[in-house]
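What follows is a set of notes on a single structure, which appears directly below.
Keep in mind that what you see is a predicted model, and the values were worked out from it rather than measured. Numbers for residues simply follow the sequence, beginning at 1. Ligands are counted one by one from 1 in listed order, and the atoms in each one are counted from 1 as well.
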Amino acid sequence: MVSLQELQTPKKNTWCPGCGNFGILMAFKRALVHLDLRREEVVIASGIGCHGKMVNYVNVNGFHGIHGRVLPLACGIKLANPNLTVVGFAGDADQYDEGWGHLAHTIRKNIDVTLIVHNNMVLGLTTGQTTATSQKGFKSKSTPFGSIPPALNPIAHALVSDGTFVARGYAGDMTHLSSLLVDAITHKGFAFVDVLQPCVSFNNLNTYDWYKERLYKLEDVEHDYSNKLHALEKSFEWGTQIPIGIFYKEKRVTYRDNLPHIKETALTKIPIDHVDIMSILKEMM
Ligand SMILES: Cc1ncc(C[n+]2csc(CCOP(=O)(O)OP(=O)(O)O)c2C)c(N)n1
Ligand code: SF4
Ligand SMILES: [Mg+2]
């Protein structure tokens, strides 16, 4: 059984004191302990940003990729070796700006990975610029007079893209987030979790106090997560009341289940000794 201690790494943590990323890190580690997964069965992938340091702070296999490309990485790893549990960590600029296109297509293909988006509604690592989820009017270095368009709604987009697991967590409620991550990781198919993450250095609008006044749990209002229209209605709640929890969940065949040639055997187990790639390489030279 893996312990919190074993998931610790010797890397010095460089997040700002009070950053919401600490809550996500601990919630994820607790989820791994709860699921009793062996460290070598788990692979995590991240983009570039403060969130990207997750791969440095969890003692499992990790791939720190490039900005916006968490999903191609995570999906490639999972399709090559379905025996692995694959979790991607992205930032809001990372996923909802640069990597936006990947999200819709991974959702509709229902590739069996989990995506956790650290949604702090700002570019943290680059010291505070506006992102796709920054609220209209949000003032930052890149929009000193306030962000002009309305904020993108990731939950509504995931629902209309036919997501099979669509949820929102909060970095300030570690117990709730951890149990949400357990549900997401055990979901067979693509699990999408948008996590509201306070950035204490560059987002002085969406703070812990701001969330405290607004958040409520969908499970407390007996939300039926098999009802997509109801989930969509809930996804538009933003303002005085903001729901967290599972919006929608359904069972659907995964992408890999539709690939008969690799359905039974992991690509990583198929011998390649007899494959001669020289002729292909010569063609390219
Ligand atoms: C291809 C590419 N474009 C832009 C950058 C510059 N860059 C570094 S981090 C970052 C985004 C950080 O914002 P976010 O994804 O929201 O992550 P956070 O730091 O808030 O966790 C950007 C644009 C980069 N490293 N690579
Ligand atoms: S800049 Fe924001 S997101 Fe980055 S570590 Fe500091 S508080 Fe966290
Ligand atoms: Mg961000």
Notebook entry, point to check: Got the closest protein heavy atom to atom 7 (S) of ligand 2, with its distance?
Noted result: V200 N, 3.4 Å
Check: Quick one: nearest non-hydrogen protein atom to atom 6 (C) of ligand 1, plus distance?
Finding: T126 CG2, 4.3 Å
Item checked: Which of the ligand 2 atoms, numbered from 1, are nearer than 4.0 Å to a heavy atom of C50 -> 1 (S), 3 (S), 4 (Fe), 5 (S)
Check: Identify the closest protein heavy atom to atom 24 (C) of ligand 1: which residue and atom is it, and at what distance?
Finding: H67 CB, 3.9 Å
Check: What do you reckon, does D94 have a nitrogen or oxygen under 3.5 Å from a nitrogen or oxygen of ligand 1?
Finding: yes
Margin query: Suppose I only count heavy atoms of C16 and a 4.0 Å limit; which atoms of ligand 2 are within that range?
Written below: 1 (S), 5 (S), 6 (Fe), 7 (S)
Notebook entry, point to check: Are any N, O or S atoms from C19 nearer to atom 8 (Fe) of ligand 2 than 2.8 Å?
Noted result: yes
Next item on the list: Look at atom 16 (O) of ligand 1 and say which protein heavy atom is nearest, naming residue and atom and giving the distance to 0.1 Å.
Entry: D92 OD1, 2.7 Å
Checklist line | For atom 2 (Fe) of ligand 2, the protein heavy atom that lies nearest, with its residue and separation | finding: C199 SG, 2.4 Å
Checklist line | Ligand-side contact atoms (ligand 2) for residue partner N120, heavy atom cut-off under 4.0 Å | finding: 3 (S)
Notebook entry, point to check: Quick one: does T131 get an N or O within less than 3.5 Å of an N or O on ligand 1?
Noted result: no
Checklist line | Heavy atom of the protein closest to atom 18 (P) of ligand 1 (residue, atom name, distance) | finding: C50 N, 3.5 Å
Note to self: Just so I know, are the side chains of V117 and L115 near enough to count as touching, which here means a heavy-atom distance under 4.5 Å?
What the structure shows: yes
Checklist line | Shortest protein contact, atom 25 (N) of ligand 1 (heavy atom only) | finding: I48 CG2, 3.8 Å
Note to self: Quick check: of its N, O or S atoms, which one does D92 have closest to the Mg ion (ligand 3)?
What the structure shows: OD1
Item checked: H118 touching ligand 2 at heavy-atom level, < 4.0 angstrom -> no
Next item on the list: Look at atom 1 (C) of ligand 1 and say which protein heavy atom is nearest, naming residue and atom and giving the distance to 0.1 Å.
Entry: E98 OE2, 3.4 Å
